[in-house]
Amino acid sequence: MPDQPELTIQGWGPTGPDHTTDDGTADSPEAALDGALPKSARRYLSRELGWTPRATPPVAVADIRLAPSRLPETARGRLVELLGEENVRTDRESRLRRAGGKSYLDLLRRREGDASDAPDAVVLPGSTDETATLLAACSELDVVVVPFGGGTSVVGGLAGVDPDDRPSVALDLSRMSSVQALDVPSSLVTVGPGMRGPALEDALAREGLTFGHLPQSWEFATVGGYAATRSAGQNSTGVGRFDELVAGLTLATPSGVLEVGHPPASAAGPDLLGLALGSEGTLGVITELKLRVRPKPRTSSYEGWSFRSWAAGLAALQLLARHDLLPDIVRLSDADESRANLLMASGAGARTLRATLRARGHGEASLLILGWEGLPSMVRARRKAASSLLKGSGAIRLGHKVGESWKKHRFQAPYLRDTLLSAGLLVETLETAATWTALPTVYDAVRRALRDSLTREGRRPLIMSHVSHGYPTGASLYVTVLADRDDALPIQQWLTAKRAATDALLAAGGTLTHHHAVGADHRPWLEREVGPLGVEVLRAVKQRLDPQGICNPGVLLPE
Ligand SMILES: Cc1cc2nc3c(=O)[nH]c(=O)nc-3n(C[C@H](O)[C@H](O)[C@H](O)COP(=O)(O)OP(=O)(O)OC[C@H]3O[C@@H](n4cnc5c(N)ncnc54)[C@H](O)[C@@H]3O)c2cc1C
């Protein structure tokens, strides 16, 4: 297995701020927050939320409760025969590392010492053939298989729930994580599913190429996970969503191996590639992917703009979309998110920017980050045309520094989450997409639902939203929620809010998810989006490929 960082309960990697000591105690919340948040931002949060920072550290790793493995010895022996002793693990650390994902609920449970979602064993196949043989064996043995990529699911995709309560294994894809072929003339790279973004970009950079999929989880998530969840990255508006960048893939199932997708194009019936993308491990395991790559951009230009209001910003983006002028990166924050971002930025430059915006009547501004990448002549032309439309919409250009600063810090926010969780906060995100027509209604509905369900005894949530993926027909909406945590019933507090928000966004015309996928958390609502017949079609496909129902049974399809 690749190098493993020290095991912690932190939500995000080993390089993030870690205030947990060996015995699970923490620095004072004030000390931890001082390192992570400017004082102005901390004061703002306390005032907005009615929150008093307090120490709510996670339990020590040694105190996490893990039940003994339920994998029968005969089943373990069979898996060892197939993969070798070193690739079948039942030790505490291997199981804890594959317990659940990174949603707020996952982190809460782990912080409370609950690892009841941990697999009974971890298996590490090294090839498509080994994976297919393993799946057939697990089918016979009645052992549930949950594919595990980077473990960054935020929708309970790794919950491992099985209605029949069978033993389960996490199928770790880290042994299949290399570049297998590069076809430069066809702009195609063939890679193993366990490959992470940084390693893929390093390999491509040597050939002057890039893949360019940059979700905020880029450092840890894998390409197999992106395909299984239909991920979107920060520049998906320009380069396309992950599913648009997959030219073909191999899916190992308990019933055999499927090769789907035939680049450059085919009209041989419905495209079966679409069945594998977003299948979240329920049909089998993606063991190889052919991805579309492109030349590394010769230039890039990032900049900030400001609108007097969120509505004005949305109208301008819609205009850009209609004229096919959306840049590669688009991120429009509402007034609440813009204010928080401005407060998080410290230093004289940030103070000057705040004063300028106030002076120009943009005190409640909606900030927009735009990014263009590619050939210099194309970037110049696209930027010029878009800028003229934006100025005509009343936007103020804030310049490159604001854009470059966003780019520099764009992977940092997740590292802050642990510190906030350890100081008594609820921190979670949710997302959807809607047509340009429905977007304002969806925005209002989600905010209202979250506000109503999270307001209690003088405390209210801070709800910050942005649009980050534009299409000709509409855009995604991403919402970050902060609130004073209910220390007595923290899980119930979020479940209630999440249920209200999901009901509200669907009723207002939003999609169940834009890029986080369905997982265990959204499955009760899947039928609302695809209809009862749609669910039956998916069940029929699953029945054919996975007749024993061993492939990640706790996600996607409603119970
Ligand atoms: C801080 C943070 C930021 C994030 N930002 C973004 C973002 O910007 N954009 C975005 O789209 N998502 C984002 N996510 C969500 C998450 O990173 C994505 O869903 C990602 O695609 C999951 O990849 P993974 O390798 O970690 O998969 P995992 O979490 O390991 O698995 C996710 C699901 O896919 C299945 N699966 C994994 N690998 C395979 C495989 N090879 N074959 C079949 N099934 C498989 C799993 O069983 C599970 O159901 C974020 C998450 C976090 C914690």
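Any value given below was found using the heavy atoms of this structure, including those in side chains, with hydrogens, waters and symmetry copies removed. Read the numbers this way: they start at 1 and go in the same order the structure lists the ligands and their atoms.
- Taking only nitrogen or oxygen atoms, main chain and side chain alike, Arg417 does not reach within less than 3.5 Å of ligand 1.
- Among the atoms of Pro193, none of the N or O lies under 3.5 angstrom from an N or O of ligand 1.
- Within 6.0 Å of the CZ atom in Arg528, the count of heavy atoms belonging to other residues, nucleotides or ligands exceeds 12.
- Without hydrogens or angle criteria, Glu337 side chain to Asp334 main chain gives no donor-acceptor distance under 3.5 Å.
- Judged purely by distance below 3.5 Å, without hydrogens or angles, the side chains of Arg331 and Tyr478 never pair a donor atom with an acceptor atom.
- Using a 30° and 60° split on the angle between ring planes, Tyr226 and Phe242 fall in the tilted class, from 30° to 60°.
- Within the listing of ligand 1, atoms 21 (O), 23 (O), 24 (P), 25 (O), 27 (O), 37 (C), 38 (N) sit less than 4.0 angstrom from a heavy atom of Gly225.
- Formation of a donor-acceptor pair under 3.5 Å by the Glu431 side chain with backbone atoms of His515 is found in this model.
- When only interatomic distances are considered, the shortest N/O to N/O separation between Ile286 and ligand 1 falls below 3.5 Å.
- Counting heavy atoms from C-beta on, the side chains of Leu249 and Leu277 come closer than 4.5 Å.
- Just one of Leu505, Leu430, Thr432 meets the side-chain contact (heavy atoms from CB on, under 4.5 Å) condition when paired with Val479; it is Leu430.
- Remark: the Asp172 side chain and the Ser174 side chain contain an N/O donor-acceptor pair separated by less than 3.5 Å.
- Per-residue contacts place Ala228 under 4.0 angstrom from the following atoms of ligand 1 (heavy atoms of the residue considered): 34 (O), 35 (C), 36 (N), 44 (N), 45 (C).
- Every atom of ligand 1 with a heavy atom of Asn552 under 4.0 Å away is listed here by number and element: 47 (O), 49 (O).
- In this structure, Gly101 falls outside the shell of residues with a heavy atom less than 4.0 angstrom from ligand 1.
- Around atom 9 (N) of ligand 1, the closest heavy atom drawn from Gly192, Ala232, Ser279 belongs to Ala232.
- Contacts between Thr229 and ligand 1 below 4.0 angstrom, taking non-hydrogen atoms only, involve the side chain exclusively.
- Between Trp525 and His522, the two ring planes are perpendicular [angle over 60°; tilted spans 30° to 60°].
- Considering backbone and side-chain atoms alike, Pro215 places every N or O at 3.5 Å or more from each N or O of ligand 1.
- When only interatomic distances are considered, the shortest N/O to N/O separation between Gly150 and ligand 1 falls below 3.5 Å.
- Residue contact annotation: Val555 has no non-hydrogen atom under 4.0 Å from ligand 1.
- Residue contacts with ligand 1 for Pro147 involve both N, CA, C or O and side-chain atoms from C-beta outward (heavy atoms, distance under 4.0 Å).
- By the 4.0 Å heavy-atom criterion, Ala517 is excluded from the residues contacting ligand 1.
- Contact atoms of ligand 1 toward Val154: 15 (C), 51 (C), 52 (C), 53 (C) (distance under 4.0 Å to a heavy atom of the residue).
- At distances below 3.5 Å, not a single donor-acceptor pair connects side-chain atoms of Ser94 with backbone N or O atoms of Thr90.
- Numbered from 1 in the order shown, with element, the atoms of ligand 1 that lie under 4.0 Å from a heavy atom of Gly284 read 43 (C).
- Of the possible donor and acceptor atoms, none in the side chain of Thr190 sits under 3.5 Å from a partner among the backbone N and O of Gln180.
- More than 12 heavy atoms of other shown residues, nucleotides or ligands fall within 6.0 angstrom of atom CD in Glu86.
- Here atom 14 (N) of ligand 1 lies nearest to Ser217 when heavy atoms of Gly519, Gly151, Ser217, Gly157 are compared.
- Residue Pro414 touches ligand 1 through its side chain alone, judged by heavy-atom distances below 4.0 Å.
- Close approach of ligand 1 to Leu173 is summarised as follows: ligand atoms under 4.0 Å from at least one heavy atom of the residue are 38 (N), 39 (C), 40 (C), 41 (N).
- Shown in contact with Ser231 at under 4.0 Å from a heavy atom are these atoms of ligand 1, numbered in order with element: 10 (C), 11 (O), 21 (O).
- Ligand 1 does not have Gly194 within reach: every non-hydrogen atom of the residue lies 4.0 Å or more from it.
- Below 4.0 Å from some heavy atom of Lys102 lie the following atoms of ligand 1, by number and element: 53 (C).
- Checked by atom type, the side-chain pair Ser422/Arg111 shows a donor-acceptor distance below 3.5 Å.
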